[in-house]
Structure formats: C-alpha cells, structure tokens
Chemist: 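Input: one structure, supplied below.
Predicted, not measured: the structure shown is a model, and the values here were computed from it.
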Amino acid sequence: MRENDRVTSATRQPGTPAAAIQPRLIATDLDGTLLRDDKSVSPRTVAALAAAEEAGIEVFFVTGRPARWMDVVSDHVHGHGLAICGNGAAVVDLHGGAGAHRFVKVRELARENALHAVHALRDAAPGTVFAVEQTYGFHQEPAYPKLHMEIPDHLRPAEELLAPDGPDADQPVLKILAYHPSLDPDAFLTLARLAVGDHANVTRSSPSALLELSGPGVSKASTLALCCAERGISHEEVVAFGDMPNDVEMLTWAGQSYAMGNAHPDVVAAASGRTVANNEDGVAVVIEHLLADRL
C-alpha cells in the first residue's frame, strides 16, 4: 500500500488491485463522514463532489437519516439526484428540494417482524424504549428520550404504534429505533442481534446505545447493490466511505472503501483503506486523489 497525504490506497487481494479499476460511483455516508461535526458540507467537499460528477462518476448519499432530514445535502445532488436513506430502507429522489422528495423504492420492515423484535428486546434488555420511523411519520413511546430533531407525531407504546390499526397504518414502516439508557452501545448491538435473529437487520450509527432495525436483508449495501445493478455498475467500480457500524456491509461490498479518521474500530477493520477525519474533509481528499489519478 502507498500513502498520499495520510490517505491509504485501497487494494483487494487476491485479484486485480481495486485502485486500478476506474470508479463509476461514489457512495458516501453523511454524518461523521461527508458532513463536518457542525453538519455542514465544506466548500472543498462541495467542489470535490461536483468534480466527480463532471468526470462522469455518480455520487450517491447513503445514510441512516430519514428522507426529511436530507435538506443538508439536497443542494449538492447532481445528475440522478437519488439518495439511499434509512440504512437502505428507501431510495429517494431529492430533486424537488426541501419537503418535496419522492420515494423511488421502499424496502419496508413488516409490522409482525417489528413487533417480534420489540418483544425480543424487551425480554433481552429490560428498559429498552422504542420509536417507529415510517415514510412520512415518526412516532415514539412516551419514555423514549428526545434524541432527534423533531416532535413525534404520536406518543404510544410500540405495540400500539405497530398494530394493524395503529397511527399511519397505511404507511410502510422503514425502521424501528431501540434505545437503552445504560447499556454499552456495542454490547447492546451484539445482544440485540442475537435476540432479534433473522426477523430484522440490526445496526447502529449513534455513539449512544441507540439501535436501528430494518427489514431482513435491508442494509446500505444491499440497496446500493440494487441501485448499481440497475446502472450496470459492478461492486469493483464503487468507492465507499463510512464511519460507523451501519456502514460496515457497504464498505465490505465496495471495490474500494475508506474508513474515516474518526471511524469506529469495526469500520476500520472492514474498509480497504483509510482517510482523514470528517472535519478534515476526508471524503474530498480521496476524491481529489481519484480524479488526479485519472489524468
């Protein structure tokens, strides 16, 4: 491996070095990755994204955020204008701007699966509280803390929120959120995966003990793979960036992948390269190198 300005080139062995394959798509997480800690997109990053698109490389934002929280990057979409939200639960067209997004693909969490996960986590980790994320609604239990930037639509027990006749029953459930007030975040993730089994995909992106549960097989990686297949893009032609456990599958799948300088240890182990931290424009640094190598 070689290092350029603290960025390690990504290679996969055995086989063709990934760095020798011209990238056709960049997939980047947002919080802790593309965005700085103040949730801004730096001018350097804006310029790098635009340069990648101009060079014919598609850029996909791949995030755990719901669609309604995508205003922070809606001004920076180019070409297709698509983003993968909710850890792969939805593909969203951001062309309409703030409040006018359109769901292109939804991969829902069946309510019976969600209820099974709720019951399993209540048994395995007493004190767990829940919130429910739908396409256009957000609901939570009364004891669920104020962790998000919005007021919930309804305050009810999770069993009522997920009932067939519950609030917004006509809307798909994209994911449920499970919070524990005292468990270690990584220990909670391991415990939840064992308890929930194959009824849901369990991951986390928060530094607290907050888990995100999606439909079985739904992840950033699996939805990104679907989007790439529709475009005739192979995984070897994808460059991915991330910082938290919900990025691990995507970083493992992509031909080249970069863990941020501020990344979780599991992300560092999964990625084939490293870049500098989000506050140092780590994504932009790699894109600049990729484009320079094409000259």
Chemist: Donor-acceptor check, side chain of Asn113 to backbone of His199, threshold 3.5 angstrom: yes or no?
Modeler: yes
Chemist: With no hydrogens and no angle check, is any side-chain donor or acceptor of Glu236 less than 3.5 Å from a backbone partner on Ile21?
Modeler: no
Chemist: Begin with the C-alpha distance, continue with both residues' side-chain angles, and end with the deciding distance and a verdict on ring-ring contact (aromatic ring centres under 6.0 Å, His included) for Phe103 and Tyr136.
Modeler: CA-CA 10 Å; Phe103 285 91; Tyr136 294 101; 5.2 Å; yes
Chemist: Are Ser205 and Glu212 linked by a side-chain donor-acceptor pair shorter than 3.5 Å?
Modeler: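 Yes, side-chain donor-acceptor contact under 3.5 Å.
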Chemist: Hey, mind stepping through Ser214 and Asn87 against side chain to side chain donor-acceptor pair (under 3.5 Å) and telling me if it holds?
Modeler: CA-CA 8 Å; Ser214 305; Asn87 291 326; 4.9 Å; no
Chemist: State whether the side chain of His119 and the backbone N or O of Leu115 hold a donor-acceptor pair below 3.5 Å, judged by distance alone.
Modeler: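 Side chain of His119 to backbone of Leu115, a donor-acceptor pair under 3.5 Å: yes, one is there.
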Chemist: Would you check if the side chain of Asp247 reaches a backbone N or O of Met244 as a donor-acceptor pair within less than 3.5 Å?
Modeler: yes
Chemist: Using only atom types and a distance under 3.5 Å, with no angle test, would you say the side chain of Asp281 pairs donor to acceptor with the backbone of Ala284?
Modeler: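 Between the backbone of Ala284 and the side chain of Asp281 there is no qualifying donor-acceptor contact (under 3.5 Å).
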Chemist: Sequence neighbours left out, what passes side-chain hydrogen bond (donor to acceptor under 3.5 Å, both in side chains) with Glu249? Give chain and number order.
Modeler: none
Chemist: Could you tell me whether Glu280 and Arg44 have a side-chain N and a carboxylate O separated by less than 4.0 Å?
Modeler: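 No, no charged N to carboxylate O under 4.0 Å.
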Chemist: Under a 3.5 Å threshold, yes or no: a donor from one side chain and an acceptor from the other, between Ser222 and Arg107?
Modeler: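 Indeed, the side chains of Ser222 and Arg107 share at least one donor-acceptor pair under 3.5 Å.
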Chemist: I'd like to know if the side chain of Thr128 and the backbone of Ala125 have a donor-acceptor N/O pair within less than 3.5 Å.
Modeler: yes
Chemist: Using the test side-chain contact (heavy atoms from CB on, under 4.5 Å), find all partners of Asp38 that sit at least two apart in sequence or belong to another chain.
Modeler: Arg36, Ser40
Chemist: Holding to side-chain hydrogen bond (donor to acceptor under 3.5 Å, both in side chains), I want the full list of residues that pass it with Glu133, two or more places apart in sequence or in another chain.
Modeler: Arg68
Chemist: Are side-chain heavy atoms of Leu213 and Leu121 found at a separation under 4.5 Å?
Modeler: yes
Chemist: May I ask you to check whether Phe61 and Phe241 place their ring centres under 6.0 Å from each other?
Modeler: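 Centroid separation for Phe241 and Phe61: 6.0 Å or greater.
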Chemist: Is any NZ, NE, NH1 or NH2 atom of the basic residue among Arg122 and Glu141 found under 4.0 Å from an Asp or Glu carboxylate oxygen of the other?
Modeler: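 Here Arg122 pairs with Glu141 in a salt bridge, since their nearest N and O are under 4.0 Å apart.
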Chemist: Could you state whether Phe130 and Leu210 fall into the same hydrophobic cluster, counting links through intermediate Ile, Leu, Val, Met, Phe, Trp or Tyr residues with side-chain heavy atoms under 4.5 angstrom apart?
Modeler: no
Chemist: Are Gln134 and His139 close enough that a side-chain donor and a side-chain acceptor fall under 3.5 Å?
Modeler: yes
Chemist: Using side chain to side chain donor-acceptor pair (under 3.5 Å), reason through His264 and Asp186 one step at a time and then give a plain yes or no.
Modeler: CA-CA 10 Å; His264 185 282; Asp186 286 328; 3.1 Å; yes
Chemist: For Asp37 and Asn278, does a side-chain donor sit closer than 3.5 Å to a side-chain acceptor?
Modeler: yes
Chemist: Spell out, as yes or no, whether a donor-acceptor pair under 3.5 Å connects the side chain of Asn246 to the backbone of Thr203.
Modeler: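 Not confirmed, Asn246 side chain does not pair with Thr203 backbone.
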Chemist: For the CZ atom of Arg193 and the CG atom of Leu211, what is their distance to the nearest 0.5 Å?
Modeler: 9.0 Å
Chemist: Are any non-hydrogen side-chain atoms of Val132 and Leu174 less than 4.5 angstrom apart?
Modeler: no
Chemist: Could you check whether any side-chain N or O of Lys220 sits under 3.5 Å from a backbone N or O of Val62, counting only pairs where one atom can act as donor and the other as acceptor?
Modeler: yes
Chemist: Determine, using the 4.5 Å side-chain heavy-atom cutoff (strictly less than), whether Leu226 and Ile233 are members of one ILVMFWY cluster.
Modeler: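 Per the 4.5 Å side-chain linkage, Leu226 and Ile233 are not co-clustered.
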Chemist: Can you classify the ring geometry of Trp253 versus His235 as parallel (below 30°), tilted (30 to 60°) or perpendicular (above 60°)?
Modeler: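 Because their plane-to-plane angle lies in the 30° to 60° range, the rings of Trp253 and His235 count as tilted.
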Chemist: How about Leu82 and Val104: do any of their side-chain heavy atoms sit closer than 4.5 Å?
Modeler: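 Of all side-chain heavy-atom pairs linking Val104 with Leu82, at least one is under 4.5 Å.
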Chemist: Can you say whether the rings of Phe138 and Tyr144 are parallel (under 30°), tilted (30 to 60°) or perpendicular (over 60°)?
Modeler: perpendicular
Chemist: Determine whether a donor-acceptor pair (N or O, by modelled atom type, separation under 3.5 Å) exists between the side chain of Asn262 and the backbone of Gly32.
Modeler: yes
Chemist: Between Arg231 and Glu58, is there a side-chain N and carboxylate O pair less than 4.0 Å apart?
Modeler: yes
